[in-house]
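Remarks on the structure that follows.
Chain identifiers are assigned alphabetically (A, B, ...) following the order of the sequence lines, protein sequences preceding nucleic acid strands; residue numbering begins at 1 within each chain. Values below: every heavy atom of this structure, side chains too, minus hydrogens, waters and symmetry copies.
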Amino acid sequence: MRKYIIKRILVSIGILFFVTLVIYTLVRCLPASYVETMAMQLSTAPGSKPYEEWLAQLNASYGLDQPIPAGYVHWLGDFLRGNFGDSWKFTVPVVEEFKSVIGVSFVMGAISLILELIIAIPLGIIAATKQYSKSDYIISASALVGISLPTFFFATVLKLIFAVKLGWLDTHGFVGRNFAQLDSMGQFLDKCSHLILPIATLTIVSVGSLMRYTRTNMLEVLNADYIRTARAKGVSEKKVIYHHAFRNTLIPLVTIVGGSLPGLFSGALITETLFSIPGIGYVSYQAMVAGDIPFTMFYLTFIAVLTLLGNLISDILYAVVDPRVRIAS
Amino acid sequence: MAKNKSEGYLSAKESRQIAKANRKVINDLEKKRKRKKVPESEYLTTMHDDKNAVEFDNLHTYFFTDAGVVKSVDGVTFEVPVGKTVGVVGESGCGKSVTSLSLMQLLQRPQGQIVEGEIRLNLGDKAYDIAKMPYEKLQDLRGNFVSMIFQEPMTALNPVFRIGAQLEEVLELHNKDMSKDDMKKRTIELLEMVGIANSEGVYKMFPHELSGGMRQRVVIAMALACNPKVIIADEPTTALDVTIQAQVLDLLRGLKSKINSSIMFITHDLGVIAEMADYVVVMYAGRVVEKGTTEEIFENPAHPYTIGLMASKPVVGKQVDELYSIPGKVPNPIDMPNYCYFKDRCNMCVGQCDGAYPGEISLSDTHKVSCYRYSGNEKKGV
């Protein structure tokens, strides 16, 4: 197993090299250029140098005069030395900006993932065991509604009900108006209350697919011969479902959940933007639009690492739950 | 029920009607089944003959599908005497397996339902009607009193649990006071009994580490763990090669004499039947067309279908270019004719064959056949 993991990590490093090459090329080719915007601004100042001169000077100072391959090698060298550079847009070191926004995104992602699992798996199992019953139809239909609802629409509906009509929560923002006057406990609760709607949105729009996935897999397993064998042994129906069948349903589920781990850190761009939560999704979007190459590169590389890690984790978990893929050590 | 204009095609209206009718029947049956605390008197019954372990009496098992009602088992009556082996033969889809699954109440519910008839199970001091028994009560009998050897060794074992754990589960369920050590000892003993040499090793293995033959043995060991009085062997050798087949059959025969249980042996291999069974039941399209002792069926097959079956098996020492096969195909199970089901394939029809489905005619005390060719010569052969 250790040999396998080491091999996988080495392969992942190779993949990462190509991924960063591709994203560097793409980022350099983006039409949004930080340097052009800045040169435009500087040249409009009275008595300033013309645009072309500013552009050439800025390109040289930001290292954009190099061709893409050379630029990539330069970026890679810095990256490997742990020098991630300063964000152009936020004018602070990339890592600092990243650290200040990742927390809230992670909390939102983690809570909604946990809620998703708690809601989707039991409901999926119920829907599968009572196939074609009323509860199955209700669960499947609401799952479909959840999948079909666009985030922006659902978030707006939630805002309308809970913020505008009922007035329980704020429509947007991470802290309330009187945040500064609250004690530390109050500040914590204030932040929590501002996360309720975003987390609800995230959970409801993504719970449906996991639920349907659980239902489909459970149905498949429940029709398997070994379930009939278990019943023939005299095993009670409850144990058939939650012991014999569920262990087998877990196999595909861990792949999905393992694969969704990077999602915890990638942030939720639309939801964060809609609720004006300064999370990583929102900030990385701003950086990308502004053509902030150091921040975008750092963020995208980080996501690439997490995706590769997520795949590795789900493969390892797969071996844990399915003895058939266990590799002889 | 479904009036199929061309095969397999249903109009939307027809399919709605079918679905509606199905729902009604299924809901009624399910409501009856899901009742809590069914008094024992409701499913307590008496055996017609105390020497029988199981009596199937006019069993009807239907599947309510979207295309119509499939009458998989349509009035099956036969019995399994204590300590004897009854072979059930017939081609694929004739209802052999469904009959045996009915005995265990393992039908795919809610679509599959026993709609009529009795399955009387002799428990020694009393008899239960399985068809009316509540699910929870039956759990104590399954694996303990009645057990089943399944036909697919490759899929019949749960891939994520160790062989030992799967075997011990049966023991644990039905022997509450057995200690862990005793259970392990018994499990190893069972594995040895079915001829697994490396029993200690296999105990710790997962199903995928075993070959098909080994898995089939594990399935057999599982079925025999609690010394059941009735064993249903649903094509236990079909998935195995011939050498293993012989071993498995020897094993079953040895076990039968050791624990004196009755075996209901389902197969479409007539050679295996001849070797194993004391009685033979021939099924066709959900009905029993002929039954009798093994000698009677093999020496003196009466029903044209049985005669066809006998003709279609290879005989050692006889040179044939092509094996005989019965012409035609089984009628559509959704839309059965109201005359003899075999009439369209039969080459020995008589005038009466246009009439209703033939009743059962006794050729001897044990030999019964449902065919008009024998009406009038009832019991002549005695």
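- The shortest non-hydrogen separation linking A:Ile119 to A:Met211 is O-SD, 4.5 Å.
- Contacts between B:Leu141 and chain A at a heavy-atom distance below 4.5 Å are absent for every atom of the residue.
- Residues of residues 103-110 of chain A lying under 4.5 angstrom from chain B, judged on non-hydrogen atoms, do not exist.
- For chain B, the nearby parts of A:Ala232 are the backbone and the side chain; heavy atoms of each come within less than 4.5 Å.
- Under the 6.0 Å cut-off for aromatic ring centres, B:Phe206 and B:Phe161 do not qualify, their centroids lying 6.0 Å or more apart.
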Show me, pair by pair, the donor and acceptor atoms from chain A and chain B that are under 3.5 Å apart.
from: A:Asn223; atom 1: OD1; to: B:Gln108; atom 2: NE2; distance (Å): 3.1
from: A:Asp225; atom 1: OD2; to: B:Thr155; atom 2: OG1; distance (Å): 2.7
from: A:Tyr226; atom 1: N; to: B:Thr155; atom 2: O; distance (Å): 3.2
from: A:Thr229; atom 1: OG1; to: B:Ala156; atom 2: O; distance (Å): 2.7
from: A:Arg231; atom 1: O; to: B:Arg142; atom 2: NH1; distance (Å): 3.2
from: A:Ala232; atom 1: O; to: B:Gly143; atom 2: N; distance (Å): 3.1
from: A:Lys233; atom 1: O; to: B:His174; atom 2: NE2; distance (Å): 2.9
from: A:Lys233; atom 1: NZ; to: B:Gln166; atom 2: O; distance (Å): 2.8
from: A:Lys233; atom 1: NZ; to: B:Glu169; atom 2: OE1; distance (Å): 2.9
from: A:Glu237; atom 1: OE1; to: B:Tyr135; atom 2: OH; distance (Å): 2.9
from: A:Lys239; atom 1: NZ; to: B:Glu169; atom 2: OE2; distance (Å): 3.3
from: A:His244; atom 1: O; to: B:Asn158; atom 2: ND2; distance (Å): 3.4
from: A:His244; atom 1: ND1; to: B:Asn158; atom 2: ND2; distance (Å): 3.4
from: A:His244; atom 1: NE2; to: B:Glu169; atom 2: OE1; distance (Å): 2.9
from: A:His244; atom 1: NE2; to: B:Glu169; atom 2: OE2; distance (Å): 2.8
from: A:Asn248; atom 1: ND2; to: B:Asn158; atom 2: OD1; distance (Å): 2.8

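- For a residue to count as touching a neighbouring chain, one of its non-hydrogen atoms must lie under 4.5 Å from one of that chain's; by this rule B:Leu157 touches chain A with the backbone only.
- Residue B:Pro228 comes nearest to B:Ala223 through the heavy atom pair CG-O, 3.2 Å, listed as atom of the first residue, atom of the second, then distance.
- At most 12 heavy atoms of other shown residues, nucleotides or ligands fall within 6.0 angstrom of atom CD1 in A:Ile270.
- Looking at A:Val235, both its backbone and its side chain come within 4.5 Å of chain B, counting heavy atoms on both sides.
- The minimum heavy-atom distance linking A:Thr301 with A:Ile23 is given by the pair N-CD1, 3.9 Å.
- For B:Met222, the part lying near chain A is the side chain, with the backbone staying farther off; criterion is any non-hydrogen pair under 4.5 Å.
- Within residues 199-209 of chain A, no residue has any heavy atom less than 4.5 Å from a heavy atom of chain B.
- The two residues A:Leu269 and A:Gly281 have their closest heavy-atom pair at CG-O, 3.7 Å.
- In this structure, the separation between OG1 on A:Thr214 and CG on A:Leu253 is 4.5 Å, given to the nearest 0.5 Å.
- For B:Phe56, the ring-ring contact (aromatic ring centres under 6.0 Å, His included) partners are B:Phe78, not counting sequence neighbours.
- Comparing B:Leu173, B:Val160, B:Leu138 by how many heavy-atom pairs each has under 4.5 Å with chain A, the most go to B:Val160.
- Neither the backbone nor the side chain of A:Leu222 comes within less than 4.5 Å of any heavy atom in chain B.
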